[in-house]
Novice: 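One structure coming up, written as structure tokens, with questions to follow.
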Amino acid sequence: MISVQELDFNQQVEYDRLKSTTKIGAIVTFTGLVRDINEGQGVSDLALEHYPGMTEKCLQDIVQQAQQRWNIIDFTIIHRVGQLTISDQIVFVGIASQHRGDAFAACEFIMDYLKTQAPFWKKETMANGETKWVDAREHDQHALTKWQS
Amino acid sequence: MISVQELDFNQQVEYDRLKSTTKIGAIVTFTGLVRDINEGQGVSDLALEHYPGMTEKCLQDIVQQAQQRWNIIDFTIIHRVGQLTISDQIVFVGIASQHRGDAFAACEFIMDYLKTQAPFWKKETMANGETKWVDAREHDQHALTKWQS
Amino acid sequence: MIKVLFFAKLSEQLGVRELQVDAKNAEDTKQLFTHLLNHKTEWASILTSQPCLKAVNQAMVANDVPLKDGDEVAYFPPVTGG
Amino acid sequence: MIKVLFFAKLSEQLGVRELQVDAKNAEDTKQLFTHLLNHKTEWASILTSQPCLKAVNQAMVANDVPLKDGDEVAYFPPVTGG
């Protein structure tokens with residue numbers, strides 16, 4: 001399941017949905033939250049813009065790549081857009097597999113590619129009221145190298 | 001938090017506990033479940049034995065190693081013992097960090113070491129009523145090599 | 001016509017989110033980009049002063065590719081979701 | 001005395017979970033193991049026919065180590081939790 005939505009999501013609901021068959025031996029979930037500090041500056045709010053249409057296609061494509069590499073029984077990707085604030089949930093990726101190795105790798109792979117390829121953009125509002133588009137991190141590009149061997 | 005317990009645990013409760021400060025940007029959880037098939041045989045029940053005292057020390061030691069390698073804001077390890085059945089939750093490892101790389105690595109590291117070093121033993125009851133101690137998997141030993149560079 | 005979209009900081013700076021460009025001014029993404037550089041006085045400096053990714057029909061492309069009437073081309077900064 | 005513990009399949013096969021061994025028969029884990037091999041007729045074959053890990057005072061040890069009165073030594077199969 002892939003969803004781009006303004007609404008918040010619930011960890012238990014998503015976990016239960018992934019835990020749907022008795023073949024599943026491992027569930028890995030990742031949740032991304034709005035931190036209060038980014039690059040050393042106090043953040044108060046976050047606006048998330050995306051490219052409707054392309055976003056869903058891009059996430060589907062990333063999942064297909066993961067499915068070609070690992071044994072995935074079920075998956076969920078939820079990414080929120082719109083106005084968020086400190087400690088809000090931004091993104092959820094959950095993978096259900098027979099074995100833990102597949103679940104860990106697929107979950108991290110999807111997050112690493114989502115971070116560098118899915119068309120979302122964050123705009124932060126600082127504690128002092130200034131707004132600033134978040135810069136892409138070199139580190140996120142670098143994280144892809146571990147999947148390219 | 002480290003707990004070895006007969007009682008079941010709740011994903012939402014554990015997740016909420018990890019999400020306790022606004023510094024946290026990433027939460028990774030792993031949950032291990034009783035699968036209905038192990039090594040091709042239908043499993044109906046599972047008994048988990050452990051070495052009280054050593055188990056807790058061993059898990060504490062694994063967490064300390066993870067803390068030396070990665071930035072961990074909070075962690076939870078829960079491992080159940082006693083009688084379990086199909087689809088029951090066996091183990092939970094949750095990591096809260098500022099960044100996702102630390103959370104993924106620490107969570108998988110802890111599971112890989114738990115699997116090969118923590119003194120738990122599984123005994124399966126098959127659909128036909130036969131019982132069998134589960135054999136250690138070569139594959140689990142091999143999983144450690146990725147942490148030894 | 002070619003439908004051209006801008007996102008995030010780029011759309012804020014250009015002051016526009018969507019634009020229609022005659023397909024004869026956009027036989028490929030290279031020609032389209034040159035056309036956009038000349039669209040308004042300040043556009044050349046905005047579009048060339050920062051990293052700018054492009055997607056054709058909602059798939060990112062690294063190099064220049066041919067375009068045809070009805071295509072959708074988007075320009076945006078490096079992504080920062082997740 | 002040395003407190004000796006067995007777990008899982010090993011304890012099932014030996015028919016015992018705990019045993020006290022006089023410290024003078026167990027100056028180190030090697031001597032203790034030899035003592036256990038001779039504890040009952042079938043113990044030698046049980047203890048040598050399968051992989052058997054050991055922990056001294058609740059920490060796994062790979063090689064033989066010295067023992068002293070009051071130590072706790074455990075023998076068990078490779079672990080299978082998680």
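Every heavy atom of this structure was used, including side-chain atoms; hydrogens, water molecules and symmetry mates were not. Just so it is clear: chains get the letters A, B, ... in the order the sequence lines come, proteins before strands, and each one is counted from 1.
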Novice: Count the heavy atoms of every other residue, nucleotide or ligand shown that sit under 6.0 Å from NZ of A/K146, and state whether that count exceeds 12.
Specialist: yes
Novice: Quick check for you: among C/A74, C/P77, C/A59, C/A55, which has the greatest number of heavy-atom pairs under 4.5 Å with chain A?
Specialist: C/P77
Novice: To the nearest 0.5 Å, what is the distance between OG1 on A/T131 and CD on C/E12?
Specialist: 6.5 Å
Novice: Quick check on A/E138: does its CD atom have over 12 non-hydrogen neighbours (other residues, nucleotides or ligands) under 6.0 Å away?
Specialist: no
Novice: Looking at chain C, which one of A/A47, A/G32, A/A118 has the largest number of heavy-atom pairs inside 4.5 Å, strictly under?
Specialist: A/A118
Novice: So which heavy atom on C/M60 is nearest to which on A/Q117, and how close?
Specialist: CE-O, 3.2 Å
Novice: If you count heavy atoms of other groups shown closer than 6.0 angstrom to CG of C/N63, is the number above 12?
Specialist: no
Novice: Could you pull out the closest heavy-atom pair between A/K122 and C/T80, with the gap in Å?
Specialist: N-OG1, 2.9 Å
Novice: Answer with side chain, backbone, both or neither: which region of A/K57 has an atom nearer than 4.5 Å to a non-hydrogen atom of chain C?
Specialist: side chain
Novice: Nearest 0.5 Å, please: how far is CD in C/Q50 from CG in A/D135?
Specialist: 10.0 Å
Novice: For atom CD of C/Q20, decide whether the heavy atoms of other residues, nucleotides or ligands shown that lie under 6.0 angstrom number more than 12.
Specialist: yes
Novice: Using non-hydrogen atoms only, which part of C/P51 is less than 4.5 Å away from chain A: side chain, backbone, both, or neither?
Specialist: neither
Novice: Which region of C/A8, side chain (C-beta onward) or backbone (N, CA, C, O), has a non-hydrogen atom less than 4.5 Å from a non-hydrogen atom of chain A, or is it both or neither?
Specialist: both
Novice: Around C/K54, counting heavy atoms of other residues, nucleotides and ligands shown, do more than 12 lie under 6.0 Å from its NZ?
Specialist: yes
Novice: Parallel, tilted or perpendicular for C/F76 and A/Y51, by the 30°/60° rule?
Specialist: perpendicular
Novice: So, do A/K123 and C/K9 sit near enough that their side-chain heavy atoms are less than 4.5 Å apart?
Specialist: no
Novice: Can you tell which part of C/L53 gets under 4.5 Å to a heavy atom of chain A, answering side chain, backbone, both or neither?
Specialist: neither
Novice: Is any side-chain heavy atom of C/V79 closer than 4.5 Å to a side-chain heavy atom of A/F120?
Specialist: no
